[in-house]
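Quick notes on the structure that follows.
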Amino acid sequence: TDQTYRSNHYGGTYTISMPSYDIEVTAEFTSCTPITGATLHWDSNSSSINITYDHGEHTANVYLGSSDLTVDANYTITTNKQTDVGSITPTITGVGTYCGTINNQTISITTKTLNIAAVEGQSKVYGASDPVFTYTYSGLCSGDQITGALGRAAGENVGSYAINIGNLTAGSNYNIAFTPKDFVINAKDLSAIATVSFTQDYYNHDGNAHQPSIDNTDGSNMKVSYGVTRLTLGTDFTTSYTTTP
């Protein structure tokens with residue numbers, strides 16, 4: 001009677017320590033239910049095999065008909081948990097009263113769309129540093145965050161430049177749908193800080209009309225400067241005045 005019995009699962013290995021006398025072993029095989037007709041789903045039988053990322057952990061479950069099979073009691077599975085975007089194709093092996101193997105069913109978590117839109121009306125004055133570009137968003141799951149910053153098309157002259165996605169990201173679980181807006185560089189107002197000088201600021205009456213010469217050289221009568229920079233008529237400023245005889 002010195003004997004031990006071990007069973008890993010149906011169709012597994014049975015080990016008997018033989019005594020010193022002959023014994024007779026009778027093996028009775030029972031029928032099993034093939035698991036090959038089962039289907040793999042996320043979380044529930046009504047769930048799709050492809051679900052959108054939602055920051056939650058999802059469990060792969062095996063269903064045979066309308067029955068929710070129990071892991072370890074009815075089958076073993078090589079992997080059954082997934083949080084991030086990706087696919088799993090586990091090996092499923094029947095145990096107990098179930099037999100057979102499934103290794104060709106794939107279920108996936110797909111990327112979620114994150115909508116980001118640059119805020120309209122962002123601008124700066126010529127010569128100033130760019131502001132931090134602001135944006136609105138929708139579709140970000142609780143627990144996740146957006147990192148990085150928006151960028152814009154290159155250029156520093158007065159005009160409009162498209163704001164772009166820059167290095168803004170929420171990670172590989174998201175597909176970003178970006179709505180750009182224009183960033184505007186406005187002309188700098190020099191009226192309060194520019195200097196105007198004349199080499200001749202009056203004329204003796206001679207019956208003729210007089211106006212200052214402006215040619216952006218040291219021979220100019222009127223010179224307009226911003227700091228040490230000589231400004232150019234027509235490019236940096238315009239003039240209007242009335243000649244007086």
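Note that these values count all heavy atoms, side chains included, but never hydrogens, waters or copies made by symmetry. Residue numbers start at 1 and run along the sequence shown.
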List in chain and number order the residues that pass salt bridge (Lys or Arg N to Asp or Glu O under 4.0 Å) with K188, two or more places apart in sequence or in another chain; answer none if no residue qualifies.
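Checked K188 against salt bridge (Lys or Arg N to Asp or Glu O under 4.0 Å); zero matches.
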Evaluate whether atom [atom1] of [X] has more than 12 neighbouring non-hydrogen atoms of other residues, nucleotides or ligands under 6.0 angstrom away.
X    : atom1 : value
Y63  : OH    : yes
Q200 : CD    : yes
Y203 : OH    : yes
Q145 : CD    : no

Non-neighbouring partners of Y75 that pass ring pair (Phe, Tyr, Trp, His ring centres under 6.0 Å), sequence neighbours left out
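Once residues adjacent in sequence are excluded, Y75 has no partner under the ring pair (Phe, Tyr, Trp, His ring centres under 6.0 Å) criterion.
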What are the two closest non-hydrogen atoms of [X] and [Y], and how far apart are they?
X    : Y    : value
T101 : T93  : OG1-OG1, 3.8 Å
T79  : P90  : O-CB, 3.4 Å
L40  : I49  : O-CG2, 3.4 Å
L114 : A170 : CD2-CB, 3.6 Å
L233 : T238 : CD1-CA, 4.0 Å
N164 : A153 : ND2-N, 3.8 Å

Taking only residues two or more places apart in sequence or in another chain, which ones pass side chain to side chain contact (heavy atoms under 4.5 Å, CB included) with S142?
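Listed in chain order: nothing, the list is empty.
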Distance check, rounded to the nearest 0.5 Å: [X] atom [atom1] versus [Y] atom [atom2]?
X    : Y    : atom1 : atom2 : answer
T36  : L64  : OG1   : CG    : 8.5 Å
T147 : N167 : OG1   : CG    : 7.5 Å
D54  : C141 : CG    : SG    : 6.0 Å

Do you see a donor-acceptor pair shorter than 3.5 Å between the side chains of [X] and [Y]?
X    : Y    : value
D144 : Y174 : yes
T59  : D43  : no
Y53  : H55  : yes

Does any non-hydrogen side-chain atom of T83 lie less than 4.5 Å from one of H58?
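Not touching, per the 4.5 Å side-chain cut-off.
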As a quick check of understanding, evaluate side chain to side chain contact (heavy atoms under 4.5 Å, CB included) for T106 and I88, giving each step before the final call.
CA-CA 6 Å; T106 299; I88 62 172; over 6 Å; no
Closer than 3.5 angstrom, by distance alone: can the side chain of N221 be matched with the main-chain N or O of T199 as a donor-acceptor pair?
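A pair under 3.5 Å: yes.
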Among N104, I102, N103, side-chain contact (heavy atoms from CB on, under 4.5 Å) partner for T91:
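Filter result, single survivor: N103.
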